[in-house]
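Just below is one structure, and these are the notes that go with it.
Counting begins at 1 with the first residue of the sequence.
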Amino acid sequence: MSVVAGEAEHPSRVIVGERGWSLWGRCIALGVTGSAAVYKSLDLARLLMRYGATVVPVLTRSASSLVSPSLFEWATGVRPVAGEFTGGIEHVALARRCDALLVAPATLEALAEIAGLHASNPVTALAQEMLGLGRPVLLVPAMHEGMWRRAGRLVEELEASGAYVMRPLVETGQAKYPDVELVAWWAESLVLRGRDLEGLRVLVTAGPTREHIDDVRVITNPSTGLMGVSLALEAAWRGARVRLVHGPLCCCRWRGWRLYLEAAAAVETTEEMLVESLRLASGGIDAAVYAAAAADYRVRGRRGGKIPTAAGPVTLELEPTPKVIEAVASRHPGALHYGFTAEPLTGEELLAKAREKLERYRLDAVAANSTVEPGAGFASETNHVYSLDWRGRVFEYRGSKREVARAVLDHAAWLLWRGELNPARAGGAGER
C-alpha cells in the first residue's frame, strides 16, 4: 500500500476543513471491519476530513466484500486503500505515521482478536502495533445484541490495555453504530485531549426554562440548549462523570446521546431546574458549568386555563425566579463554578456584565457571549465567547459550540488542577 499517494490532488480532499480545523495536521487510520454498518464509515471518514484530519482507510477482507474499497478511495482521496497484507508491512508504517486508529465498525471478531493479541488482518495488526507504541486505538462496536452482551469481558480487557471503546446504541436486538456525528466528536476529543477529565464529577445545566402565564402560554427565550449539551458531551468523552439538567431542548438530533452521561434530568421551570441541580449535585461535585438560559422572571399568580384573547389587554405581574447558580454554589463551595452570561451587548459592555456576574455570585469564571453578534449566542451552531476568571484573566474562544465547549473545559480544568478557586467563596477546595 502506498500511503496517501496523490492525496493533495484528489478532488475529494476539497472538503478538508469545511467544518473547522481542530484535527488539522492529524492523521487518523480508519479501520473498517465486516459489519452491516460499514456504510456509515464513509460518512465518518468525510466528517473527520471536514474537521481537518487526513483519514487513511484500512479494510478487512470481509469489509471489502460489503463495500468496495474504491468507495473509500473516492471518499478520502487515499489510493490504493489497504485491504491485504503485503511485503511492505504497511501496518508498521501507518502506526508510526498516524496519530490514532479508529476502528468503526468493530465486529465481535475484531474485538476478540485485538484483546487476544492476534493480528490476522491489516486492521487488527495495525491495532496491535499502535497499542504497543502507546498510540490511541478507538473502537466502535456494531453487532447483534447477544454478541454485544458476550463482549463485556473483551471490553474490560481492551480498556485495561489502553484502548477506548464507545458504547453502542442497543435497540431492536442490535448493538448499533452510534450517530456518525457523535462518533466523530468522541474520536476528535480523545485524539486531542484523551481522558484528561477522568473521574471528575461535573454538573452541567443547559437550555431554556419556561414559566407559564396560563396553561398554554409561557415566558421563555430562544436558547436551544446546544451549548450546554456540547459541554456535557465533551466532558463525558474526556472521562468526566457528567450529570446534566436541561430545560426543553431544540437541538441534539443525535439518537441516544444521553447514554454517554451519568445522569440527565429534563425540567421545565427554573424552580424545577434548581431542585434537580441540587439533587444531582447532592452526592458531591468537583465542578459545575451553568450554561442554561434559565428564565429570570415568572408570573405572580399563574392563571389556569387559557386567557381569552377577547378579554383585551392583559397586565402581568412578574417576580424573580430563584437563582440556580447561587443555590448550588452556596451548597458546594469547594467545587469549581463556571457561569455563562448572554447579553445584547458587545465589547467592553459585555465584559463589564460578565465581571458583574462573576463578582455577584463569587464564581471562578464566567463565559460571556453576545446575543446580537452574528454566529454567536442563541440558536446558532457556532459561538464567540470571552471567558473571565476571578484573577482577572480574559480568554477569547470562537468556533463551533463543540469547539468552544472544549476550550471552556480546558480553562475550567486548568483552574481546578492549579487549585485556583475563588477565595471569596467560603469552604475552600475540600469537597474533592
Side-chain angles (χ1 to χ4, degrees), residues 28-45 47-48 55 57-67 72 83 98 100-131 135-191 194-195 233 236-239 254-262:
I28 297 178
L30 178 61
V32 184
T33 68
S35 161
V38 66
Y39 68 94
K40 291 190 175 184
S41 294
L42 291 161
D43 292 332
L44 177 61
L47 185 51
L48 292 169
V55 178
V58 182
L59 276 62
T60 63
R61 182 176 295 180
S62 59
S64 297
S65 71
L66 295 171
V67 175
F72 281 92
C98 287
L101 167 64
L102 172 58
V103 183
T107 60
L108 179 63
E109 181 181 15
L111 298 180
E113 277 218 9
I114 297 169
L117 303 180
H118 299 299
S120 69
N121 61 66
V123 173
T124 55
L126 180 55
Q128 303 299 3
E129 184 70 16
M130 294 198 80
L131 284 169
R135 302 286 177 87
V137 172
L138 290 64
L139 306 168
V140 182
M143 60 194 71
H144 288 283
E145 183 178 1
M147 291 182 175
W148 172 242
R149 292 182 185 280
R150 292 280 293 165
R153 179 177 56 82
L154 292 176
V155 170
E156 292 177 5
E157 292 176 7
L158 288 162
E159 291 180 332
S161 70
Y164 302 106
V165 182
M166 187 178 198
R167 293 333 190 241
L169 176 63
V170 180
E171 61 180 17
T172 63
Q174 302 285 330
K176 297 181 178 179
Y177 199 125
D179 279 14
V180 165
E181 288 208 21
L182 290 182
V183 177
W185 185 358
W186 173 74
E188 175 195 36
S189 294
L190 289 172
V191 169
R195 291 178 67 86
L233 286 173
W237 302 147
R238 293 163 63 174
W254 324 293
R255 294 170 58 251
W257 62 269
R258 290 179 179 84
L259 298 173
Y260 302 100
L261 309 178
E262 184 175 77

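- Heavy-atom minimum distance, Ala163 versus Leu139: CB-CD1, 4.2 Å.
- Taking CG of Leu101 as the reference point, atom CZ of Arg135 lies at 11.5 Å (rounded to 0.5 Å).
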Step-by-step side-chain contact (heavy atoms from CB on, under 4.5 Å) determination, Leu44 to Val55: CA-CA 10 Å; Leu44 177 61; Val55 178; over 6 Å; no
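- A donor-acceptor contact shorter than 3.5 Å links the side chain of Thr33 to the backbone of Pro105.
- Although no hydrogens or angles enter the test, the distance criterion places no donor-acceptor pair under 3.5 Å between the side chain of Ser189 and the main chain of Arg238.
- The line from CD1 of Ile114 to CD of Glu109 is 10.5 Å long, rounded to the nearest 0.5 Å.
- In this structure, Thr107 contributes its side chain and Ala110 its backbone to a donor-acceptor pair below 3.5 Å.
- The closest donor-acceptor contact from the side chain of Glu181 to the backbone of Leu47 lies at 3.5 Å or more, if one exists at all.
- Of the inter-residue distances, the one linking Leu111 atom CG with Met147 atom CE reads 11.5 Å to the nearest 0.5 angstrom.
- Distance alone, capped at 3.5 Å, is enough to place a donor-acceptor pair between the Gln128 side chain and the His118 backbone.
- Within a 6.0 Å sphere centred on CZ of Arg149, other residues, nucleotides and ligands contribute 12 heavy atoms or fewer.
- Here Gln174 contributes atom CD and Ser35 contributes atom OG; the two are 8.5 Å apart, rounded to the nearest 0.5 Å.
- With Glu145 contributing its side chain and Val170 its backbone, the two residues share no donor-acceptor pair below 3.5 Å.
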So Leu182 and Leu233, side-chain contact (heavy atoms from CB on, under 4.5 Å) or not? Walk me through it. CA-CA 9 Å; Leu182 290 182; Leu233 286 173; 4.1 Å; yes
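- The main-chain N or O of Thr124 is found under 3.5 Å from a side-chain atom of Asn121 such that the two form a donor-acceptor pair.
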Would Leu102 and Leu48 count as a side-chain contact (heavy atoms from CB on, under 4.5 Å) if you check the C-alpha gap in whole Å, the side-chain angles of each, and the deciding distance to 0.1 Å? CA-CA 11 Å; Leu102 172 58; Leu48 292 169; 3.9 Å; yes
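- Of the candidates Trp257, Tyr164, Tyr260, Tyr260 is the only one forming a ring-ring contact (aromatic ring centres under 6.0 Å, His included) with Trp237.
- Taking 4.5 Å as the limit, every side-chain heavy atom of Trp254 sits out of range of all side-chain heavy atoms of Pro178.
- For the side-chain contact (heavy atoms from CB on, under 4.5 Å) test with Leu59, the passing option among Val123, Val32, Val67, Leu30 is Val32; the others fail.
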Pair Phe72-Val58, side-chain contact (heavy atoms from CB on, under 4.5 Å): steps then yes or no: CA-CA 9 Å; Phe72 281 92; Val58 182; over 6 Å; no
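- How far CD of Glu188 is from CG of Leu138: 12.0 Å, rounded to the nearest 0.5 Å.
- Electrostatic pairing of Glu159 and Arg167 counts as a salt bridge here, judged by a charged N lying under 4.0 Å from a carboxylate O.
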